[in-house]
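Have a look at the structure below, then the notes.
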Amino acid sequence: MSDHKPIRLDGRVIVITGAGRGIGRSAALAMARAGGAIVVNDLDADAVDTVVQEVTSEGGSAAPCVAAIGTAEAANKCIATALEQFGHMDAMVCNAGILRDRMLWNVTDEDFDAVIATHLRGTFTCARAAAQHFRQAEDGGRLILVSSIAGQRGNLGQTAYSAAKAGIAAMARTWALELARANVTVNAIVPTAMTAMTQSVPAFAPLGDLVARGEAIPDKYRQEFGLGLPEDVAPIFVYLASERSSALTGQCIGLGGDRLSVWAHPVEAAVELQRGGWSLNALADALEGPMAKARQSIGIELN
């Protein structure tokens with residue numbers, strides 16, 4: 001039961017990577033409005049300046065950090081900015097990402113490496129730097145990662161992206177275990193929102209023109225598929241950075257449109273035992289017979 005006390009971030013300093021636009025920008029604005037001081041990171045200096053100005057024009061606190069996420073140097077620069085500008089850091093939001101969508105047979109090494117470097121390696125380097133800081137400061141902290149429904153269910157044309165986002169969900173569970181004694185919570189958000197990046201995804205393309213015209217996303221999509229706008233996702237960032245969420249860790253939480261969800265960890269959907277081990281025919285019979293009902297659906301479909 002809610003006690004209806006405002007959920008605030010007063011006195012908290014949050015680094016947000018990829019905050020120049022889309023979900024990252026909305027998270028930065030929402031967290032600043034809740035009282036947090038924000039380090040706005042992005043590769044695009046103009047976008048960074050715009051978001052910093054948006055925050056400060058509303059009376060909030062923000063500092064720019066222009067860097068391409070993926071390297072240890074970029075991660076360290078983000079944290080150094082927080083310490084130099086605000087004196088400490090309480091949360092790291094690993095949000096930076098790019099898309100290079102192609103079907104498997106058309107994915108180049110360069111495409112694959114670029115996506116993995118930004119999403120997976122970028123999350124790793126930023127989280128590692130943040131974990132080192134939190135452990136040394138001995139004052140707890142928050143790691144807020146950004147996964148994707150594509151990493152949970154797969155999606156056409158998103159080989160590297162799905163792999164990276166699934167890896168991020170797995171890292172959230174591992175890091176939650178590793179950092180528990182340091183009073184650092186680690187959770188992954190599974191957001192669904194129409195942004196400039198997601199509008200290029202075939203599954204979301206039908207709604208792209210509608211959003212571009214400024215029209216509301218129909219209730220069907222907001223409720224059945226959890227598809228909304230970036231500002232619909234922003235509240236979960238505020239919550240996870242707040243004191244209110246101190247008991248929540250190791251989770252993948254979906255938010256988009258009108259839909260809030262908790263994603264299940266991978267578990268065995270069915271188990272059969274065969275004393276002495278499984279012969280080829282026996283395992284084929286089991287997988288085609290009693291275990292067939294446990295087969296899982298895949299993919300993202302909006303219809």
### Query
Between Arg8 and Glu243, does at least one N-O distance fall below 4.0 Å, as a salt bridge requires?
no

### Query
Between Asn187 and Gly250, which heavy-atom pair has the shortest distance, and what is it?
OD1-N, 3.3 Å

### Linked, directly or transitively: Leu83 and Val52 (ILVMFWY side chains, under 4.5 Å)
no

### Task
Indicate yes or no for a side-chain donor-acceptor contact from Arg12 to the backbone of Ala91 under 3.5 Å, with no hydrogens or angles considered.
no

### Residues Arg102, Asp111: salt bridge by 4.0 Å N-O rule
yes

### Query
Could you go step by step and tell me if Ile149 and Trp263 meet the side chain to side chain contact (heavy atoms under 4.5 Å, CB included) rule?
CA-CA 10 Å; Ile149 191 172; Trp263 283 85; 3.9 Å; yes

### Message
Taking Arg259 first and then Glu224, would you say they form a salt bridge - that is, a charged N and a carboxylate O separated by under 4.0 Å?
### Response
no

### Message
So, using side-chain hydrogen bond (donor to acceptor under 3.5 Å, both in side chains) as the criterion, who are the partners of Asp113 when residues are at least two apart?
### Response
none

### Task
Find out if a path of hydrophobic residues (ILVMFWY) with successive side-chain heavy-atom gaps under 4.5 Å connects Ile144 to Leu255.
yes

### Co-membership, hydrophobic cluster, residues Val146 and Ile69, 4.5 Å side-chain
no

### Query
Would you say the side chain of Ile168 lies within less than 4.5 Å of the side chain of Leu120, judging by non-hydrogen atoms?
yes

### Query
Looking only at heavy atoms, which two atoms of Ala62 and Val40 are closest? And how far apart?
CB-CG2, 4.3 Å

### Task
Report whether Ile23 and Val51 are members of the same hydrophobic cluster (ILVMFWY, side-chain heavy atoms less than 4.5 Å apart, transitive linking).
yes

#### Entry: side chain to side chain contact (heavy atoms under 4.5 Å, CB included) between Ile189 and Leu145, worked out
CA-CA 6 Å; Ile189 298 170; Leu145 316 183; over 6 Å; no

### Query
Do Ile236 and Ile7 sit in the same hydrophobic cluster, where Ile, Leu, Val, Met, Phe, Trp and Tyr count as joined when their side-chain heavy atoms come under 4.5 Å apart?
yes

### Task
Return yes if some donor-acceptor pair links the side-chain N/O of Asn41 with the main-chain N/O of Ala67 below 3.5 Å, else return no.
yes

#### Entry: Sequence neighbours excluded, every pair satisfying side chain to side chain donor-acceptor pair (under 3.5 Å) that has a member inside residues 267-289
none

### Query
Ser245 side chain to Leu248 main-chain N or O, any donor-acceptor pair under 3.5 Å?
no

### Heavy-atom pair with the smallest gap, counting every atom of Lys77 and Cys65
CG-SG, 3.7 Å

### Side-chain donor/acceptor of Thr192 to backbone N/O of Gly256, under 3.5 Å
no

### Task
Decide side chain to side chain contact (heavy atoms under 4.5 Å, CB included) for Val115 and Leu99; before the verdict, give the C-alpha distance in whole Å, the side-chain angles of both, and the deciding distance to 0.1 Å.
CA-CA 6 Å; Val115 173; Leu99 288 180; 5.9 Å; no

### Query
Taking all non-hydrogen atoms of both residues, which atom of Cys78 and which atom of Val39 are closest, and how far apart?
O-CG1, 4.0 Å

#### Entry: Donor-acceptor pair, side chain of Asp42 and main chain of Ala47, under 3.5 angstrom
no

### Message
Would you say CZ of Arg153 has more than 12 non-hydrogen atoms from neighbouring residues, nucleotides or ligands within 6.0 angstrom?
### Response
yes

## Note on the structure
What one should report as the nearest heavy-atom pair of Ala130 and Met92 is CB-CB, 3.8 Å

### Reference residue Ser147; test side chain to side chain contact (heavy atoms under 4.5 Å, CB included); the match among His119, Met171, Lys165
Lys165

### Task
Taking side-chain hydrogen bond (donor to acceptor under 3.5 Å, both in side chains) as the test, write out the residues that go with Gln85, two or more places apart.
none

### Query
Which atom names give the shortest non-hydrogen contact between Glu231 and Ser26, and what distance separates them?
N-OG, 3.6 Å

### Message
Could you go through Arg244 and Tyr239, starting from their C-alpha distance and side-chain angles, then the distance that decides it, and tell me whether this counts as side chain to side chain contact (heavy atoms under 4.5 Å, CB included)?
### Response
CA-CA 7 Å; Arg244 181 80 174 264; Tyr239 173 69; 3.5 Å; yes

#### Entry: Arg213 atom CZ, neighbour heavy-atom count above 12 within 6.0 Å
yes

#### Entry: Residue from Thr185, Thr123, Val184, Thr249 passing side chain to side chain contact (heavy atoms under 4.5 Å, CB included) with Trp175
Thr123

### Task
May I ask you to check whether over 12 heavy atoms, not counting those of Arg121, lie within 6.0 Å of atom CZ?
no

